[in-house]
Colleague: 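The structure that follows is given in the form of structure tokens.
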Protein chains: 2
Amino acid sequence: MSNKQALKQYDIKKYRTPDGYTSDICVFTIIAEKNEAYKPPTMDLKIMLIKRAALDSEGNMNIEANKWAIPGGFVQDDETGFQAAQRELEEETNISGIHIKHFGVYDKPGRDPRGWIISNAHYAIVPDTYLSLRKAQDDAADIELFSINDVLDLDLAFDHKQIIEDAIQVITNDLLQTTVAKNFLPEYFTYSELQAVLKTVTNDPAILSDQSFSRKIKSLPFIQEVQGKTTTRTSKRATKLYTFIEMNVIKPIYTARY
Amino acid sequence: MSNKQALKQYDIKKYRTPDGYTSDICVFTIIAEKNEAYKPPTMDLKIMLIKRAALDSEGNMNIEANKWAIPGGFVQDDETGFQAAQRELEEETNISGIHIKHFGVYDKPGRDPRGWIISNAHYAIVPDTYLSLRKAQDDAADIELFSINDVLDLDLAFDHKQIIEDAIQVITNDLLQTTVAKNFLPEYFTYSELQAVLKTVTNDPAILSDQSFSRKIKSLPFIQEVQGKTTTRTSKRATKLYTFIEMNVIKPIYTARY
DNA sequence: CCTTTTAATTAACAAGTTGTTTATTGTTAA
DNA sequence: TTAACAATAAACAACTTGTTAATTAAAAGG
């Protein structure tokens, strides 16, 4: 049994190797829908897609032309798929330090008609300020933000519908079960700003209720009140600010209340 | 910007492609340490590793010889990495319907001295009955079960130490935050059997306390009491049996108690 | 200036949950 | 018969939650 294993491990040439190794990135942003002065924001979780050109660089009909797609590109042979995702996103946005997470591999034979091409799927969280700017600068842009409620109705390239569906599931889980929400917020934020982020992905009554949530935030071990600082971003009255503490949180489903 | 993108997408030959595409599997099992009659079990979470041969099939010195490694092998060009993991595990164990989950890609250039070889990492949950049997049948086996508390001290091949470390983190999270624990248990189980599984990865007092846990299990929406059936596996007294209900559970860290 | 408006915050309370200790049950084995 | 012991149940104080009501502070409009 182990010889068979060893044989397999060594006889590399017996196996066909992939025709391409790529990284794709689902770029999420949260934009404030109604952002009046002295009001808590209403937010919407959006994903950035690019529109594939009609013609390729040689003037031929492009494959999957005019469809919306996740941005991405080939992994170079001196980097990892994760590094490729970082590089591509930084090239595109000129922002560094963006939160990126790998969440899956899409490698079904036939997913790309051009060959056996493997996609490493990542999601990234980009501040809304950048993407709004980007859109305004380049108005002929083949780039658009879609609400996660609408995006799955689009005509999407390759297997990107599946990838986006999975990405939405993953970021929903992460927003609720990790402290990744901090990447959508300024360093110091009010309870209602955090609440607005969480409301984009949950209907949990304990999060929807202002009284409950503003009471609860004080007792969360991974959030700390910022002493001596307030803001009037969300209310006429000076409002307390909070910040995330770096911490690994795991809460078992077996000890939650239902 | 989008032309640059389109160009990249099409000019495949500009990019070197990987030299190999593999799937590796961290096979976990939980074995009952002390399994006396009428006693709740004490359990230990173990991972199955194989020992790499000293010589390869041509009699040459083997690479990473005599080191412990995760089982795995090459992905064929008509299957996905996930299917390859299923196929390899079923070839190895002759069991079908095993729980397998992909959790990461290891593709750092240089991770395998033989070339640019990409590993899809999976974890699998195999009932202890099989692996004990497997070990007994083939006693000269280059196969061994290691407690997750000891395994990281071994001399491990390639980057398998990192992969195993990550696998332990992922299965710990999943055991506590999803219903994946059901794969370590019979269909109908007692509160103390579930408790023993969870105790392999947590010290949460609400799970450690028999009274609290046996009271709490009744109110969990994803677990149901089995009416009219009992067992004496864990006690002289007839004991209630429970079963998992198929259900997606997400509990936000923002609504838990601390 | 006075009043209205509104987000944030506190208060208050009933209902439910938790950690803990103590008691009971049902069965085996000495 | 009795000791042992896992599984329950009971009881209770401490704490948390959902809800409704009250209070605070600052802007905006007369």
Side-chain angles (χ1 to χ4, degrees), chain A residues 32 34-43 188-199 202-221 223 225-242 251-258, chain B residues 32 34-43 188-199 202-221 223 225-242 251-258:
Chain A
K34 285 179 263 172
N35 214 354
E36 301 169 53
Y38 311 119
K39 296 251 176 197
T42 305
M43 295 187 167
Y188 302 145
F189 52 87
T190 70
Y191 89 90
S192 62
E193 288 169 333
L194 172 57
Q195 187 188 25
V197 170
L198 300 178
K199 275 162 124 178
T202 186
N203 294 312
D204 195 308
I207 289 174
L208 295 202
S209 155
D210 293 351
Q211 287 85 343
S212 287
F213 194 70
S214 67
R215 179 174 56 191
K216 182 74 184 180
I217 198 173
K218 293 197 213 324
S219 67
L220 298 176
I223 290 183
E225 194 176 322
V226 180
Q227 298 297 332
K229 270 184 193 267
T230 57
T231 183
T232 52
R233 283 197 298 270
T234 61
S235 166
K236 295 159 189 169
R237 181 176 164 186
T239 306
K240 283 184 184 149
L241 288 168
Y242 298 89
K251 269 291 161 181
I253 56 176
Y254 298 98
T255 60
R257 11 172 81 213
Y258 293 92
Chain B
K34 286 180 259 168
N35 214 354
E36 299 171 53
Y38 310 118
K39 295 249 178 202
T42 305
M43 295 186 167
Y188 302 144
F189 52 86
T190 70
Y191 89 90
S192 64
E193 288 169 334
L194 171 57
Q195 186 188 26
V197 170
L198 299 178
K199 275 161 125 177
T202 186
N203 294 314
D204 194 306
I207 289 174
L208 294 201
S209 154
D210 293 351
Q211 288 85 343
S212 287
F213 193 69
S214 68
R215 178 174 59 188
K216 181 75 183 177
I217 197 173
K218 292 198 218 322
S219 67
L220 297 175
I223 289 182
E225 194 176 323
V226 179
Q227 297 297 332
K229 270 183 191 270
T230 57
T231 184
T232 54
R233 284 198 297 270
T234 60
S235 166
K236 294 160 188 166
R237 181 175 164 186
T239 306
K240 283 183 185 151
L241 288 167
Y242 298 89
K251 271 291 162 182
I253 58 176
Y254 299 98
T255 60
R257 16 170 79 213
Y258 292 92

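Residue numbering restarts at 1 for every chain, and letters A, B, ... go by the order of the sequence lines. Keep in mind it's a predicted model, so treat the numbers as computed, not measured.
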Colleague: Starting from C1' on dA30(C), measure out to NZ on Lys236(B) and report it in whole angstrom.
Modeller: 10 Å
Colleague: Quick one: does Arg237(A) reach the base of dA25(D) with a side-chain donor-acceptor pair under 3.5 Å?
Modeller: no
Colleague: Could you tell me how far apart Lys240(B) (NZ) and dT8(D) (P) are, to the nearest whole angstrom?
Modeller: 6 Å
Colleague: Whole angstroms only, please: what is the CZ-P distance between Arg257(A) and dT16(D)?
Modeller: 9 Å
Colleague: Examine distances only and state if a side-chain atom of Ser235(B) and a backbone atom of Thr232(B) form a donor-acceptor pair shorter than 3.5 Å.
Modeller: no
Colleague: Starting at atom CZ of Phe213(A), determine the distance to atom C1' of dT19(D), rounded to an integer number of angstrom.
Modeller: 18 Å
Colleague: Round to a whole Å and report the spacing from CD of Glu193(B) to C1' of dA7(D).
Modeller: 13 Å
Colleague: Is Tyr258(A) reaching over with its side chain to a backbone N or O of Ile253(A), donor-acceptor style, under 3.5 angstrom?
Modeller: yes
Colleague: Looking at every strand, decide which applies to Ala206(B) at a 4.0 Å heavy-atom threshold: base, sugar-phosphate, or nothing.
Modeller: sugar-phosphate
Colleague: How many whole angstroms separate atom CZ of Arg215(A) from atom C1' of dA11(C)?
Modeller: 10 Å
Colleague: What's the closest nucleotide to the side chain of Gln211(A) if the choices are dT10(C), dG19(C), dT22(C)?
Modeller: dT10(C)
Colleague: Could you check whether Lys251(B) makes a cation-pi contact with Tyr254(A), meaning its NZ or CZ is under 6.0 Å from the centre of the six-membered ring and within 45° of the ring axis?
Modeller: no
Colleague: Quick check on dA7(D): is either OP1 or OP2 less than 4.0 Å from any side-chain nitrogen or oxygen of Thr234(B)?
Modeller: yes
Colleague: Between Ser192(A) and dA8(C), does any side-chain N or O lie under 4.0 Å from OP1 or OP2?
Modeller: yes
Colleague: Within the distance-only criterion (no hydrogens, no angle test), does the side chain of Ser209(B) pair as donor or acceptor with the backbone N or O of Pro205(B) below 3.5 angstrom?
Modeller: no
Colleague: Strictly below 4.0 Å: does Tyr38(A) bring a side-chain N or O up to OP1 or OP2 of dT6(C)?
Modeller: no
Colleague: Between P on dT25(C) and CG on Asp210(B), what's the gap in Å once rounded to a whole number?
Modeller: 20 Å
Colleague: Could you work out which one of dA7(C), dG19(C), dT10(C) sits closest to the side chain of Lys218(A)?
Modeller: dT10(C)
Colleague: Would you find a donor on one side and an acceptor on the other, under 3.5 Å apart, between the side chain of Thr202(B) and the backbone of Leu198(B)?
Modeller: no
Colleague: Lys39(A) NZ to dA8(C) P: how many Å, rounded?
Modeller: 10 Å
Colleague: By the 4.0 Å heavy-atom rule, please label Thr239(B) as base, sugar-phosphate, or nothing.
Modeller: sugar-phosphate
Colleague: Taking OP1 and OP2 of dT8(D), is either one under 4.0 Å from a side-chain nitrogen or oxygen of Ser214(B)?
Modeller: no
Colleague: Quick check on DNA chain D: between Thr232(A) and Asp204(A), whose nearest nucleotide comes earlier from the 5' end?
Modeller: Asp204(A)
Colleague: According to the Watson-Crick and G-U wobble definitions, with both distances under 3.5 Å, which nucleotide is paired to dA30(C)?
Modeller: dT1(D)
